[in-house]
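Below you'll find the structure, written out as structure tokens, and then a few comments.
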Amino acid sequence: MIETPLLSVTSLHKSFAGRASLVGLLQGKPARRLTALDDVSLTLGRNEVLGIVGESGSGKSTIARCITRLEKPDRGEITFAGQDVWQARGAKLRGIRKDLQMIYQDPYGALNPRMSIGRAIAEPALVHGLIGKDGARALAYELLDRVGLPRSVAELTPRALSGGQRQRVAIARALALKPRVIIADEAVSALDASVQAQILNLFGELMRDLSLSMIFISHQLSVIAHLADRVAVMYLGRIVETGATADVFARPRHPYTAALLKAHPHLEARRSQTPALAGEIPSAYAIPEGCRFNTRCRYAETRCRLSDPPAAAFAHGHEAWCHVLPDLETHTDI
Amino acid sequence: MQTASSPAPLLAARGLSVGLVNRHGAFLATKRVSLAVDRGQSLGLLGESGCGKSITLRALLGLVPHPGEIVGGSVTWKGRDWRSLSKSEIRRIRGKDIAMIFQDPASCLNPVFTIGDQVTETLRLKLSLKAKAARELARDLLDQVGIPAPEERLRLYPHQLSGGMRQRVMIAMAIATEPDLLLADEPTTALDVTIQDQILTLLAGLKERNRMAMILVSHDVGVVAQNCDLIAVMYAGHIVEWGPTYDVLRTPRHPYTRGLLAAIPRLEVSGGRRPLQTIAGAPPTPGELPEGCPFRLRCSSARAECATIPVTLDHKPPGHGSACPIVT
């Protein structure tokens, strides 16, 4: 890609202090540190959906929180439209905050239970001075139309709405600032299947109509397959494979990606006799030496326990971080 | 449902209606639910939140939370009506013949006792074992459900185990009595996909080895598709479709099942974010069921008569049946 990406994350590191044990404190041992992100780099192009997939504790939400300045990274750089997100001050910072909007899993937790929906939607735009008080109602109506809710919803409080309707409200409020990037963290995970499809279609419409870019974080591979142009697969604080979603899902090169695809409950196939992956994700307090996946990897060799694998590059920007790069099951018609 | 000559199914419910009470008053959580499961068979109860699948599972054990109660229909265990059993027989069946596991194993384990204390207590009560024998069996059971280093795990407290390991402990306790039937209520919903895969593989193996029957409640079509011989699709308290898994998934007959299957994104990358088919609206809140067919307000094939028709499966188990007389 010659075009500079809209958003780029370079060598991001983030760790959190763990709770120290009393005995440890008395012995003068430092508190353990949990590694959430370890040298993560990614880019987001204009009008592109980047999917981030991984299991709990893989660090996918921490990336979102570092980009939106909710967590300060230990090291690394986040650049949005040429601006360093963490260096920006004043008007530039306000501009970045307006342009990067987040949507969470639980819209009920994200909405003030006492505030009318109309006010909740218009408030960010009021705060940012994009509209005056008299413009609030018109903006709320416009956005309710946009997300497919009746205008009468503006007078209600969140309690009166279903989960799917609340998520539409959260999306409307994120759109109020005319953002350039939406970061959705498990935004459809709590919804019933029939409602989830409606919200996925809404995201599709928004991408088509509003020249948005989106980072879509999910543990559901099928949701990523549906929405994302490119995907980054994370394991224990690091990206292990990335590329166009079609390439990565049809021809995974990292054993972890292949295992995730195999473990996904398919409608058509009967389950196999053995699980796709043995063992559990190791503690983020004690990340394995070498390749962090080696403790669960059936292809692991000596070198996998000794050194971090380098990136192996394939066609169309498809990369995998694996020493062995074994022949894996391909999924031409998953 | 059964001809006179064939033996009674292991567990059967006929016309089961469960009444519950919420802050708005009494309502029917399930309406005339009929199902049956036989030895070695697995049945998936599939549905969205609030459709009555979990309460159905509890009603099968006679465990409807007070002040709710079973207001109609019957449950039979090996051909005997639940109501005709004595209290001690019911206790024995619930404790030994039928076991149950839940979505959240952490809330089923006592945080201040070790895993060993809790597993051995169960074994001593259910199997009248002495302490030493119970400890040995506990270690064997943990080993059977794939917990590495079981001896050490017995000394740990629940919070020291991962969610997947806690669910394995629950399964170990559930299978201790070699039950005929395992009821599993969203057993893997809180787990990561690779751990879900491990737990479901474990359950499939146990079912195979022990000829255990299983009723699996899930909202996830994929989970039910991969693990169940039969599917019962529930919507708003009714079973709207029933049949062998393969038939229901290949040739769904009820408009709700068809809509649900079309709404699920698939793993094959379609490109261009081609819109998914959707079902308009949202599932009704329990207690606000419309008259007639509960799906008619969201159904594209609905007609005037749907407001008055009674909802009953046109074909009784074990065949493939749909509760919709309009779409065939």
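Chain letters run A, B, ... following the sequence lines, proteins first, then strands; residues in each count from 1.
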Q.
Around atom OH of A/Y285, are there more than 12 heavy atoms from other residues, nucleotides or ligands closer than 6.0 Å?
A. yes
Q: With a 4.5 Å heavy-atom cut-off (strictly below), which parts of residues 197-208 of chain A touch chain B? List them by number.
A: A/A197, A/Q198, A/L200, A/N201, A/G204, A/M207
Q: Determine whether B/R266 and A/L267 make a side-chain contact, defined as any pair of heavy atoms from C-beta on separated by less than 4.5 Å.
A: yes
Q | Rounded distance (nearest 0.5 Å) linking atom CG of B/L267 with atom CD of A/Q220 | A | 10.5 Å
Q: Can you run down the ring-ring contact (aromatic ring centres under 6.0 Å, His included) pairs that involve residues 192-218 of chain B, sequence neighbours left out, and say none if there aren't any?
A: none
Q | Under 4.5 Å from any heavy atom of chain A - which part of B/A280 | A | backbone
Q) Given a strict heavy-atom distance threshold of 4.5 Å, which part of B/I279 is in contact with chain A: side chain, backbone, both, or neither? A) both
Q. So A/T274 and B/T201, side-chain contact (heavy atoms from CB on, under 4.5 Å) or not? Walk me through it.
A. CA-CA 7 Å; A/T274 50; B/T201 310; 5.6 Å; no
Q.
Looking only at heavy atoms and a cut-off of under 4.5 Å, which of A/G279, A/A225, A/S222 has the most pairs with chain B?
A. A/S222
Q: Measure distances from B/P283 to the heavy atoms of chain A and classify the residue's part below 4.5 Å as side chain, backbone, both or neither.
A: side chain
Q) Under a 4.5 Å heavy-atom cut-off, does chain B meet the side chain of A/Q273, its backbone, both or neither? A) backbone
Q.
Can you give me the closest heavy-atom contact between B/D197 and A/A263, atom names plus distance?
A. CB-CB, 3.7 Å
Q.
Can you confirm whether more than 12 heavy atoms, excluding those of B/Q160, are under 6.0 Å from its CD atom?
A. yes
Q: Using a cut-off of under 4.5 Å on heavy-atom pairs, state which of A/L277, A/V223, A/L191, A/T245 scores highest against chain B.
A: A/L277
Q) Measuring from A/S194:OG to B/Q277:CD, what's the distance to the nearest 0.5 Å? A) 13.0 Å
Q: Specify which of B/G146, B/P148, B/G281 makes the most heavy-atom pairs with chain A at under 4.5 Å.
A: B/G281
Q | Closest contact, heavy atoms only, A/A193 versus B/A263 | A | O-CB, 4.2 Å
Q | Side chain, backbone, both or neither of B/L200 within contact of chain A (heavy atoms, under 4.5 Å) | A | both
**Q.** When A/G163, A/A276, A/A259, A/P265 are compared by non-hydrogen pairs under 4.5 Å with chain B, the top option
**A.** A/P265
Q: Please answer whether the main-chain N or O of A/E55 pairs with a side-chain N or O of B/D192 as donor and acceptor at a distance below 3.5 Å.
A: no
Q | Shortest non-hydrogen contact between A/V195 and B/E48, atoms and distance | A | N-OE2, 4.4 Å
Q. Under a 4.5 Å heavy-atom cut-off, does chain A meet the side chain of B/R274, its backbone, both or neither?
A. backbone
Q | Nearest non-hydrogen partners of A/A278 and B/Q198, listed with the distance | A | C-NE2, 3.5 Å
Q. Just by distance, do the side chain of A/E280 and the backbone of B/I195 share a donor-acceptor pair under 3.5 Å?
A. no
